[in-house]
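Quick notes on the structure that follows.
Keep in mind that the numbers below use all heavy atoms, side chains included, and drop hydrogens, waters and symmetry copies. In what follows, chains are A, B, ... by sequence order, proteins preceding strands, each numbered from 1. Worth saying up front: this structure is predicted, and the values here are computed from it rather than measured.
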Number of protein chains: 2
Amino acid sequence: MIRMTKQADYGIVLLTRMAEEPERQFTAAALAAATRLPAPTVSKILKGLAREGLLDSLRGVKGGYSLARAGAAISVAEIISALDGPIAITECIDDTPGECIQEPSCAVRGNWQQINDAIRLALEEITLEEMTHGLPQELVTLGSAPAQFEEAQFEEAQFEDARFERARPVEVS
Amino acid sequence: MIRMTKQADYGIVLLTRMAEEPERQFTAAALAAATRLPAPTVSKILKGLAREGLLDSLRGVKGGYSLARAGAAISVAEIISALDGPIAITECIDDTPGECIQEPSCAVRGNWQQINDAIRLALEEITLEEMTHGLPQELVTLGSAPAQFEEAQFEEAQFEDARFERARPVEVS
DNA sequence: TGGAAAAAGGACTGATCTAGTCCTATTTAG
DNA sequence: CTAAATAGGACTAGATCAGTCCTTTTTCCA
């Protein structure tokens, strides 16, 4: 299979959640609660997204993260690249020369480039905004989920939506 | 990055080599020599491709592997699926239910499906035949490569082409 | 009929990479 | 000055993959 790392998977989940309230500033803890992903991991991913310019960050007591751009201007390809490095199905594509002994005479290289471009283009065409348009009616029916809201004092609890209950592992074959 | 395993990478290299002589039957050792990939690994991959129906195999002294279909009828997607399992960028796509706790209410699932389909379609459109059309003029100039043909008694030596000198590692981000 | 050559199948190991945690430093509001 | 937040990086355990090796089965041929 072609596999994507969980970092990228989680990153897309987190950004999708943020894109639902594009103006809002989220703390790492609030996002972890909203998505039910492990807080340290969420923190790590948000750091990475901020470093790559997809998120704006504010330090200090009233700090947090917010989208650096509108959801329509962020592609899935960008998110994956930011967290997992450049989109390159083979190392010889990943412009690290010297890896492949026969690089100058590698006839397959052009083909890999083609395959890689096809995948990259497909991912570039999917925007974060489109990711938020998923089954909105489901959101309503989710109200019937187990009402375990004892952590309701949490600022984030009202946004707790089970849609992100557990981010699924990540493979693309 | 989105990463493909070396198995799939090597598999594509091997099949591309075979597609250049579609009628020929290759032994695992001959293909390993032609592509300069480690023989046991080549053997392992060929077994897998035969098991999945992409190759026909013959046992015995005059045995070997040959393409089960014309190169134009084999897509890159098929090869990857055969060696690495179904093309699924996330586990929840890989129809193994129960993995994702919130599966029935996962709004992101539909989006992953979309992303996955985009990648799968891109890979299905590339045929093995197209892979063989890579830079044929390069083949000629390769004659100037180091003429270390002391293993020329090997049946395969005449086909030894440096194009496959070393299959590059494999990542798709 | 026996030996050699080849595929089939599976067990095993070492290395790599990832997920996840944790600790410390820095920033900033109040 | 303190608390809450991000920034950065070190570290560990687990999973996965690449690669090797061994045994069995099949088949040609002398």
[X] [atom1] to [N] [atom2]: how many Å, rounded?
X: Gln7(B); N: dG19(D); atom1: CD; atom2: P; result: 9 Å
X: Phe26(A); N: dT6(D); atom1: CZ; atom2: P; result: 12 Å
X: Met4(A); N: dC17(C); atom1: CE; atom2: C1'; result: 17 Å
X: Ile45(A); N: dT6(D); atom1: CD1; atom2: C1'; result: 15 Å
X: Leu83(B); N: dG19(D); atom1: CG; atom2: P; result: 14 Å
X: Asp56(A); N: dA5(D); atom1: CG; atom2: C1'; result: 16 Å
X: Leu14(A); N: dA19(C); atom1: CG; atom2: P; result: 13 Å
X: Glu52(A); N: dG8(D); atom1: CD; atom2: P; result: 11 Å

Could you check which of [options] has an atom nearest any side-chain atom of [X]?
X: Arg59(A); options: dG19(D), dA7(D), dT25(D); result: dA7(D)
X: Thr27(A); options: dC28(D), dT18(C), dA5(D); result: dA5(D)
X: Tyr65(A); options: dA7(D), dG9(C), dT21(C); result: dA7(D)
X: Arg3(A); options: dC28(D), dC17(D), dA8(C); result: dC17(D)
X: Lys47(A); options: dG9(D), dT21(C), dA7(C); result: dG9(D)

*asked:* Side-chain N or O of Tyr10(A) versus OP1/OP2 of dA19(C): is the shortest distance under 4.0 Å?
replied: no
_Phosphate contact (dT20(D) OP1 or OP2) by Thr41(B) side-chain N/O below 4.0 Å_ =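 Yes, because at least one side-chain N or O of Thr41(B) sits under 4.0 Å from OP1 or OP2 of dT20(D).
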_Both Ala39(A) and Leu58(B) contact DNA chain C. Taking the nearest nucleotide for each, which residue is further toward the 5' end?_
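Here Leu58(B) is the residue nearer the 5' end.
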*Pick the nucleotide of DNA chain D nearest each of Pro40(B) and Gly60(B); which residue has the one closer to the 5' end?*
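So the residue in question is Pro40(B).
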*Provide the closest heavy-atom pair for Ile45(B) versus Gly11(B) in the form atom of the first, atom of the second, distance.*
CG2-CA, 3.9 Å
_If you compare all heavy atoms of Ile126(A) against all heavy atoms of Met131(A), which two are closest, and at what distance to 0.1 Å?_
CG2-SD, 4.1 Å
*Do Asp56(A) and Ser66(A) have side-chain N/O donor and acceptor atoms under 3.5 Å apart?*
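Side chains of Asp56(A) and Ser66(A): no pair found under 3.5 Å.
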*Mind jotting down which residue pairs meet the side chain to side chain donor-acceptor pair (under 3.5 Å) criterion with at least one end in residues 37-50 of chain A? Sequence neighbours excluded, please.*
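Sorted result for residues 37-50 of chain A: empty, none.
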*Name of the residue among Leu49(B), Leu15(B), Leu46(B), Leu58(B) meeting side-chain contact (heavy atoms from CB on, under 4.5 Å) with Tyr65(B)*: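 Running side-chain contact (heavy atoms from CB on, under 4.5 Å) over Leu49(B), Leu15(B), Leu46(B), Leu58(B) with Tyr65(B) returns exactly one hit, Leu46(B).
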*Checking only heavy atoms, does the side chain of Lys6(B) share a donor-acceptor pair with the base of dG19(D) at less than 3.5 Å?*
no
*Taking N and O atoms by type only, does the side chain of Lys62(A) place a donor or acceptor under 3.5 Å from a partner on the base of dG30(C)?*
no
_Counting the atoms with a prime plus P, OP1 and OP2 as sugar-phosphate, which does Leu46(B) contact under 4.0 Å by heavy atoms, base, sugar-phosphate, or nothing?_
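The residue Leu46(B) makes no contact with any strand.
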